[in-house]
2 protein chains.
Amino acid sequence: MTTLTIGKVAQRAGVGIETVRFYERRGLIDEPPRGPSGYRHYPESVVLRLLFVRRAKDLGFTLNEIKELLSLRLDPQTTCADVKQRAETKIADIEEKMRALRRMKQSLVQLTKSCNGSGPANDCPILESLDSLEQKP
Amino acid sequence: MTTLTIGKVAQRAGVGIETVRFYERRGLIDEPPRGPSGYRHYPESVVLRLLFVRRAKDLGFTLNEIKELLSLRLDPQTTCADVKQRAETKIADIEEKMRALRRMKQSLVQLTKSCNGSGPANDCPILESLDSLEQKP
DNA sequence: CTTGACTCCGTAGTATGGTACAGGCTGTAC
DNA sequence: GTACAGCCTGTACCATACTACGGAGTCAAG
């Protein structure tokens with residue numbers, strides 16, 4: 001069975017060496033066996049694991065959440081529904097963030113409309129609004 | 001002219017005392033005059049400043065960006081158009097974040113659809129997808 | 001005059017996700 | 001055998017926005 005050094009693993013997974021060690025500390029990848037010199041000897045499967053992490057990260061999961069997802073897979077008690085639940089919770093999180101961003105954007109668009117872009121900054125309607133804007137809950 | 005202690009300022013602005021000092025260090029509020037004991041004596045205007053900061057923060061500006069907005073106001077060279085420019089850049093930032101979130105959500109929705117919620121977690125289609133998902137740029 | 005609340009400063013810790021050393025050992029190629 | 005890349009550990013650092021804490025001095029009420 002071929003093993004990989006940390007450099008090869010990092011290269012194949014498209015991450016930095018430090019990141020691989022960091023993920024090990026965070027419990028996202030298993031501690032690999034070591035050679036007599038202390039060098040890490042990784043099975044090839046760790047590359048798949050790192051890609052899993054990256055994809056989950058791209059979907060908005062935090063490293064802690066990813067660790068949870070990984071442990072779900074190992075626990076025979078856990079069902080597919082548990083996984084689905086996590087995905088749905090994450091969707092709700094994302095929707096919440098999108099709503100917050102939408103609100104921000106709407107306010108900013110309003111502000112930019114109020115400003116014709118001429119005159120000195122110190123009586124810009126945008127800055128004036130920030131001085132007195134009503135807080136809408 | 002009445003002055004306020006840091007505690008009163010924090011209370012009126014709805015932030016913590018430590019936050020007031022933190023904002024001073026970050027250059028978001030002026031260093032106030034001190035009494036003989038070293039206590040800060042704030043003018044009432046600092047409360048307005050703190051509210052400005054909070055509103056700008058609610059609009060998605062970082063503290064550094066807020067500091068910039070504040071200094072724009074003081075510089076007579078700066079025009080209203082500069083302020084508007086910042087707002088428009090921030091709108092673009094927000095739109096970019098929203099697009100990223102939208103992509104995440106779409107992928108997650110796809111994944112949850114692929115999972116009927118039954119069976120053990122270790123062959124959940126969601127987790128399997130994370131093992132082999134194609135990276136779409 | 002004492003008590004308790006308030007303030008001072010500086011440093012360190014929180015969470016997030018890494019990145020960057022320093023200083024030393026190892027593995028390999030020539 | 002010697003150079004050089006690669007790996008080891010541990011710690012410190014980046015940005016972001018705070019929050020907490022220790023230990024000391026101060027202010028105001030009773």
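So that the names make sense, note that chain A is the first sequence line, chain B the second, and so on, each numbered from 1.
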Name the residue from A:R73, A:R55, A:R49 that meets the salt bridge (Lys or Arg N to Asp or Glu O under 4.0 Å) definition with B:D131.
A:R73
Want to settle it: does A:E18 or A:G38 sit nearer the 5' end of DNA chain C, counting the closest nucleotide to each?
A:E18
Taking only the side-chain nitrogens and oxygens of B:R34, find out if one of them lies under 4.0 Å from OP1 or OP2 of C:dC9.
yes
Without decimals, in angstroms, what is the distance between A:L4 CG and D:dC7 C1'?
15 Å
Rounded off to whole Å, could you give me the CD1-to-C1' distance for the B:I66 and D:dA17 pair?
11 Å
Distance in angstrom units between A:H41 NE2 and C:dG27 C1', rounded
11 Å
For the residue pair A:T89 and A:Q85, confirm or rule out a side-chain donor-acceptor distance under 3.5 Å.
yes
side-chain contact (heavy atoms from CB on, under 4.5 Å) test vs A:L4 passes for just one of A:H41, A:R40, A:R12, namely A:R12
Can you check whether A:T62 has a side-chain N or O nearer than 4.0 Å to OP1 or OP2 of C:dA15?
no
Is any side-chain nitrogen or oxygen of B:R21 closer than 4.0 Å to OP1 or OP2 of C:dC8?
yes
Have B:N64 and B:T62 got a donor and an acceptor in their side chains that come within less than 3.5 Å?
no
Looking only at side-chain N and O atoms, does A:S37 come under 4.0 Å of OP1 or OP2 in C:dG27?
yes
Take B:T19 and B:N64, find for each the nucleotide of DNA chain D with the closest heavy atom, and name the residue whose nucleotide sits nearer the 5' end.
B:N64
Side-chain N or O of A:R40 closer than 4.0 Å to phosphate OP1/OP2 of C:dT26
no
Is there a donor on the side chain of B:Y39 or the base of C:dC6 sitting less than 3.5 Å from an acceptor on the other?
yes
Checking C:dG18, D:dA17, C:dT16 against the side chain of A:K57 (C-beta onward), the nearest is C:dG18
Provide, to the nearest angstrom, the distance between the CZ atom belonging to B:F22 and the P atom belonging to C:dC8.
17 Å
Quickly work out the A:F61 CZ to C:dG17 P distance and round it to whole Å.
13 Å
What is the separation between atom NZ on B:K67 and atom C1' on D:dA17, rounded to the nearest whole Å?
15 Å
Which nucleotide in C:dA20, D:dC21, C:dT7 has an atom nearest any side-chain atom of B:T5:
C:dT7
What is the distance from CD1 of B:I6 to P of D:dT26, rounded to the nearest Å?
17 Å
Quick one: does A:Y23 reach the base of C:dG17 with a side-chain donor-acceptor pair under 3.5 Å?
no
May I have the distance from A:I17 (atom CD1) to C:dA20 (atom P), rounded to whole angstrom?
12 Å
Least distance between heavy atoms, B:F52 atom then A:L127 atom:
CE1-O, 3.8 Å
